[in-house]
Number of protein chains: 2
Amino acid sequence: MNEEATRRRATVHDVAKAAGVSLATVDRVLNGRSGVRAATAEKVEEAIVRLGFSRDLNASLMARARDLKVVFFIPDGSNEFMDSLAEAVARRSMLALSDRMHLSTRRIRALDAGSLAAGLDALDPRDCDCAVIVTSEEPEILAAVDSATRRGIAVMTLVSDLPGSARKHFIGVDNVAAGRTAASLLGRFLPQGGKVAVIAGSLHLRDHLDRLHGFREVLARDFSALELIGPLEGHDERAETQALVAKLLTDHPDLAGIYNLGAGNMGLVTALEAVHNQTSPRVIAHELSASTRAGLVSGAIDVVLDQNPDGEIREAIAAARALALGAGRHVATDPIEIGIFLRDNLR
Amino acid sequence: MNEEATRRRATVHDVAKAAGVSLATVDRVLNGRSGVRAATAEKVEEAIVRLGFSRDLNASLMARARDLKVVFFIPDGSNEFMDSLAEAVARRSMLALSDRMHLSTRRIRALDAGSLAAGLDALDPRDCDCAVIVTSEEPEILAAVDSATRRGIAVMTLVSDLPGSARKHFIGVDNVAAGRTAASLLGRFLPQGGKVAVIAGSLHLRDHLDRLHGFREVLARDFSALELIGPLEGHDERAETQALVAKLLTDHPDLAGIYNLGAGNMGLVTALEAVHNQTSPRVIAHELSASTRAGLVSGAIDVVLDQNPDGEIREAIAAARALALGAGRHVATDPIEIGIFLRDNLR
DNA sequence: TCAGAATTGAGGTACGTGCCTCATGACCTA
DNA sequence: TAGGTCATGAGGCACGTACCTCAATTCTGA
């Protein structure tokens, strides 16, 4: 019964009245049109703050007869995780359309900074309000992000951040926590201690390094009975990872655990299933995919840590809307939680 | 470059043209007003399907100068999980308002079917488009749900479903999968086997039974070295659970694991911390709360399975919007995933 | 066949915002 | 002081839908 909240939201009319100016002037201020004296603009800004006015995004999009356009740049190649990001975008496209958002996806060559930078440079602000990119840290891309931002396109980073750039927001998991979680689980799986091997894709990738860091930290702190082997580098390649794991199993018949913190899970599962038996090591891998699902079901993999691509896309869309109405404001999104999957809670 | 999707969404005007009727007639059909011959209505319905028309919810709410009103009925009492549901609603209220949704919460006495039924009966369709309820299965409530539905209020169940009622949608986790996951983790934590105790709140609660069922299933199938003790009933009470756990630890000094599938976690943690040492059992509990967080940090609890109240509220809000535009249609929401938390991935 | 009822159409106003034109007045400069 | 620029106001139309009134038409029954 309390706070019935019958008070309407403030509109542009309210702002005009409160600032003692006309609707046209408020409109000029709100949409950054010229021809307003600094003193007048100030009055309007003050009224906006005082009334807590926020543009009605839906009415705004409707008036412009225009959808909010978001372009996702997602690496192409054989990376199943990137595919599931693209699928998540596709899955939400229809629903987003009914909120006047138009989502589109551009697949770019993986690790090809030039092509991503070119894609960003080619964006026309009339065709794109917000660009969402998955990228590694390259000066070339940093420059392209800053340029797009200057042209009025909000840029958001997904999965991996681009610190020092003009990107408006970052959406991704805490990879250090992911590594810690892997260690915490493996440690509990192996109360009697033993050898644990760590396989990374590349020690030049920020997310892989973060996971390794978290893993080592918890292993050292809580599970001194575990002996770390590696990190080895499988370069996220199926064949290379498979050979690596096969050699590991041969060289260390008593291997107690494996943490594959990179991709290349298809090779991992193949090598494990070749020798699967009761004394097989406990295995933790990253990202739910056809390969890792199969590994969970067959028992080759015990746990998969998942970045929740669908949730990341959901939050990216929400953030794009938020960015659309507060040009400079800070945008808050729900944190993306690391999903932990066993055979028994597979979706 | 493909499918540029320049085609506008269909509007009421398009429907009118396609059906060969006037705007007014389309309006009458869409909003269930009287005075339309069956044959004419049919033509309109057909055009709607053919064009794939769907009402623009934002424009619709704007035209009516009305927010979409959603009322959450959440049990009161000392249940931390219910509190976090209410907090999630409060946290999203502001944001929802900018999408023309007005959220409100009514706390009702826990397990008091009469008071929930009365609350539903008192709802006026002008003040509530959608009611979201957390309830147990009682005939009284079933009747109230059906009555509210007849009055034009969409009812949705949260956390626990009400099968056989007219509720339009259910949002909650798969509790059988949660139980299976607990067994799968405990089994891996205890490769050498041992005694595992199960504590439920009440064996009359559907969600507790589901968890128990999943737990037993996986224990029997995969971990025959584990001996099940219980299920014991702690009635989700702090003191009772504490006494129960203390007695368990005394009676079974070699206890290897505990799965508390109900509430009463404060008592659980207190009892465990009193005797915490290296040989303490592995412990899995449900729902992130102040108590279980403390247990994770102190090491008294190894894993917490969480129902993700925030995600449940998020999906409930999305479902309420979807229900608002398709009165009878089926509504799809993202499945709520069981969160698995260790000390090392605490949010 | 005609009154009366039921059905349908036409068109207006409103919601909150964007964008446009035109008019008014203030101020500046030559 | 005339001509110009700049700042501001007033108002209209549009977006997609809801809801209203007032005809105009069709149908029904006696």
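A note on names: the letters A, B, ... follow the listed sequences, proteins ahead of strands, and every chain is numbered from 1.
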> Which of these nucleotides, C:dG9, D:dC15, C:dG16, is closest to any side-chain atom of A:Ala65?
Replying inline: D:dC15
>> Is the shortest side-chain heavy-atom distance between B:Leu158 and B:Ile313 below 4.5 Å?
In response: yes
>> Contact between B:Thr135 and B:Phe73 at the side-chain level, heavy atoms closer than 4.5 Å - yes or no?
In response: no
> With a 3.5 Å cut-off and just heavy-atom distances, do the side chain of B:Arg28 and the base of C:dG9 make a donor-acceptor pair?
Replying inline: yes
> With a non-hydrogen cut-off below 4.0 angstrom, is A:Asn31 in contact with a base, only sugar-phosphate, or nothing?
Replying inline: sugar-phosphate
>> On DNA chain C, does the nearest nucleotide to B:Val36 precede the nearest nucleotide to A:Arg33 from the 5' side, or the other way round? Give the residue.
In response: B:Val36
> So which one's nearest nucleotide on DNA chain C is more toward 5', A:Ser60 or B:Ala63?
Replying inline: B:Ala63
> A:Asp27 near the nucleic acid: base, sugar-phosphate alone, or nothing, with a heavy-atom cut-off under 4.0 Å?
Replying inline: base
>> Side chain of A:Arg55 only, heavy atoms from C-beta on: which candidate in C:dG18, D:dT8, C:dG9 is closest?
In response: C:dG18
>> Mind checking if B:Asn58 touches a base, just sugar-phosphate, or nothing, with heavy atoms under 4.0 Å?
In response: nothing
> Where the side chain of A:Ala59 is concerned, which of D:dG9, C:dG16, C:dG9 is the nearest nucleotide?
Replying inline: C:dG16
> How about B:Arg106 and B:Phe72: do any of their side-chain heavy atoms sit closer than 4.5 Å?
Replying inline: no
